[in-house]
Amino acid sequence: MAKRGSRRRAAARTRKPEKAPLRGWRLWLRRAVFAGVALSLLGAVFLGFAVIFAARSLPSFAELKATQNAQTIVVRARDGTEIVELGPSFGKWIDRKDIPQNMKNAMIAVEDRRFYSHPGVDPYGLGRAFYDAATDDGRISATSTISQQLARNLFLNSNRTLDRKMREAVLAMALEWKFSKDEILELYLNKVYFGGGAYGIDSASRKFFSHPATELSTGEAAIIAGLVKAPSRYSPTADVQAAVDRAQVVLRLMKEQEMIDPSVSVDPTAVKLKQDTARNSVRYFTDWALPQLDLLLPETNEPIEVWTTLDVGMQRAAETAISANTPDGAQGALVSLDRDGAILAMIGGTDYVETNYNRATDAVRQPGSSWKLFVYMAALEAGYNPGSMVKDVPVTIDGWSPRNSGGGYAGDIDVRTAFAYSKNTVAAQLGNEVGFGTVASMAKRFGITTPIQTFPSMVLGTSETRLIDMTRAFGAVSAGGRSVEPYGIVKVTTADGETLYEHEQARSTQLVPEYVAAGITDLLQTAVSTGTGRAAQIGRPVAGKTGTTSSNKDGYFVGFSSGITTGVWMGRDDNGRVPGLQGGRAPAQAFAAFMRFAVKDRPVEQFNTELKLPEWQLEPDDEFYFGDPDDYYYIDEQGNLIEPGQGRGSDQQPVEPQGEGDVMDRPRNRTPAQGDNGQAASDDFLDRATGGGNPRGGPGGGPSGGQARPSPPPAQPQPPRPMPTRIPTEAPRQQ
């Protein structure tokens, strides 16, 4: 017995140490549970207070409904068609009772299937998000409810951090506290972003389907609902197939949640999408034109419509012409102006999505021989005409020796031929004769805005310029030598039709005399008819000029026909060589391809190339300058007028005028009589003409030095005649 008792006591002593840790673990577990419950209750209290305070600080439903920020700009072509819409578009607010049920169901099915059962935050989704954040990289996965998305869109940014997610949850519950589910859904569907600048289902419906949201079909609703996840990826304007595939997912979810009859077949591919009439090249034009609104309009945030000069058909033709003719690896640009300066088409590159740099308005490149426009206009203004003879011979000017493209020289040719075949030696001699500064001044006169060098080589287009400036200069020639100001905005109106701005035609000035414009047009037409620009022919009169820089880095063609002036440039952005690139090839071919479409509806116009030269440039006979000798008037030293015929007998010979300096006063083919010291008339005649009674120089003679000088009739005064200059056969030597 004693042994059994001792064994029991020993066993009891051995078991006690095992029970003590068990009781301690349970105690700590109870404490942890109580602490967790207490903290949860405390957190719930704090969360409740946070939600209540947040709900009180939220704007009213009416205030949220009225908050539509940022400006929408609708850009229209010259015929009124919409070519692009920029900035956020909010469309018309659709009341919850007018929102189609299929639109509500589609959005709930794909974005928040427990929308009507949670308090703003989905506990299941939120738990999964916190788990992912704890086990991954600290980023919260996209499991937001409709209420959370609305809170983020209205009050927060899109940073996917834990702090933002917590604030988003509080605001979502505050929205649920303050507004009903239907009000929240109405706010959401009218404010969520669907891509392409469209905010709200009405804006999205009009953008993608050309009708208001109240007319959405089930397939259309599925497409719109599918955009929320990734608007840029699933937008129908970006990828139609991606939009359709995403809509199929939405329809499947709607069937799973019994929102539509599973037996009903909805084919989103049958949805008629709005045709996107604007090509991406239109953005080159809008990027150039719209910044001008800052100067044309007072500051405003209201939606506006901008009516432009752009012709949709010509823009499409220009894009096709540049795409089809630009050499591989090169870029192309085109600008087309109407006779009043209106921009009809503008291409700044081969692909706007790839690069939005506008080479038509911003790129500064060498124009090559198209610059000779200014050289020859300066020469025409100085006295040359298309038929004037010049010499195509080797020449050196200040150490510079230009060479012709073919390497040969034609010798004596006329100005028309020299221009048509782009003779560099002739251009160099003309520039040297009229002055390189004069050529630069002519270019500035015609709208060149970039710096111009005055080295001899400038006559070959070594000064860099912009394509739009060169096109403007040729447009002024097409306008008969009158200035042309490019513009792209016709008028600006509000959404209600109120006119905020309307274009007024710029004042035009005569840049060169009409005979200079006619002469250069003659040269430009010949360059296309028989010269280097033959590829630009389109079956009607065309005037233009090619341009090619050294190593084929730039190709130019600028010309006009039927009131439309178009400039084309091609080259590489890195200024590298483009094999085979010449202004008379690809640029001229692109010009012709575009112009055939551009002028097809315009009447054929013949150019005015008739030269009506000024009197000083004509070659009159002698009588024009000297008149009839019988009509001479004489003035004595006292200023008395001696009328024609007075003091001249029947045996008197015509008196030759005498003097220095002016061709009108220079004697012609006269041999002085011996002993008369070159006197123009006898002493007896002069005495009678001046009223003297004694022979000249005799005793009691008349007025000494009384030589009468003939004067042209007052009715026909003739100014000194500047003589047309000619090119020297040898360049001036350096001093």
Side-chain angles (χ1 to χ4, degrees), residues 68 70-92 193-200 202-211 227 231-232 234-240 243 273-294 296-297 300-320 322-323 333-336 342-362 468 486-495 497 500-501 503:
Q68 304 282 44
Q71 186 180 39
T72 303
I73 301 177
V74 176
V75 183
R76 300 190 179 278
R78 66 186 306 168
D79 61 357
T81 59
E82 179 182 328
I83 56 177
V84 68
E85 182 175 340
L86 304 174
S89 173
F90 296 96
K92 182 181 178 181
Y193 182 61
F194 292 102
Y199 286 82
D202 188 65
S203 178
S205 178
R206 295 177 187 274
K207 181 176 182 63
F208 303 131
F209 312 121
S210 301
H211 60 70
L227 298 175
S232 60
Y234 298 123
S235 173
T237 57
D239 191 335
V240 175
L273 294 171
K274 179 181 179 180
Q275 184 178 2
D276 187 9
T277 56
R279 322 225 349 160
N280 64 36
S281 66
V282 171
R283 293 300 304 274
Y284 288 116
F285 172 76
T286 57
D287 287 353
W288 172 79
L290 295 184
Q292 302 170 25
L293 295 176
D294 293 338
L296 302 179
L297 298 179
T300 177
N301 288 324
E302 63 178 324
I304 59 174
E305 293 187 353
V306 181
W307 300 72
T308 70
T309 59
L310 198 74
D311 186 288
V312 175
M314 293 188 193
Q315 181 70 15
R316 187 178 296 110
E319 185 175 4
T320 302
I322 292 297
S323 176
L334 180 149
V335 177
S336 186
I343 301 288
L344 300 174
M346 178 181 288
I347 304 293
T350 54
D351 191 336
Y352 181 86
V353 176
E354 179 182 336
T355 167
N356 60 7
Y357 180 60
N358 194 335
R359 297 155 188 84
T361 60
D362 299 335
I468 191 171
Y487 71 98
I489 298 176
V490 177
K491 67 176 180 178
V492 181
T493 64
T494 64
L500 301 177
Y501 164 81
H503 174 75

Nearest non-hydrogen partners of F285 and M346, listed with the distance: CA-SD, 3.9 Å
Minimum side-chain heavy-atom gap L296-V492 below 4.5 Å: no
Non-neighbouring partners of T355 that pass side chain to side chain donor-acceptor pair (under 3.5 Å), sequence neighbours left out: R359
Atom pair CD/CD1 of Q315 and I343 - distance to nearest 0.5 Å: 10.5 Å
Min side-chain heavy-atom separation N356-R283 under 4.5 Å: no
Side-chain heavy-atom pair P236, L227 within 4.5 angstrom cut-off: yes
E319: which of T350, D351, I347, V282 passes side-chain contact (heavy atoms from CB on, under 4.5 Å): I347
Nearest heavy-atom neighbours spanning S235 and A243: C-CB, 4.4 Å
Min side-chain heavy-atom separation H503-T309 under 4.5 Å: no
With sequence neighbours excluded, residues passing ring pair (Phe, Tyr, Trp, His ring centres under 6.0 Å) with Y501: none
Shortest non-hydrogen contact between A345 and L310, atoms and distance: CA-CD1, 3.8 Å
From CA spacing to verdict: side chain to side chain contact (heavy atoms under 4.5 Å, CB included), L297, I304: CA-CA 11 Å; L297 298 179; I304 59 174; 4.1 Å; yes
Any residue meeting side chain to side chain donor-acceptor pair (under 3.5 Å) with S205, in chain and number order, not counting sequence neighbours: H211
Contacts of Y284 that satisfy ring pair (Phe, Tyr, Trp, His ring centres under 6.0 Å) - sequence neighbours left out: Y352
Side chains of D287 and N358 in contact at under 4.5 Å (non-hydrogen atoms): no
Results of side-chain contact (heavy atoms from CB on, under 4.5 Å) for D79 - residues two or more places apart only: A77, T81
For A289 against I489, the heavy-atom pair lying closest together: O-CD1, 3.5 Å
Results of side-chain contact (heavy atoms from CB on, under 4.5 Å) for Y193 - residues two or more places apart only: Y199, P231
From T493 atom OG1 to E305 atom CD, the distance as rounded to the nearest 0.5 Å: 4.5 Å
Main-chain N/O of R76 paired with T308 side-chain donor or acceptor, under 3.5 Å: yes
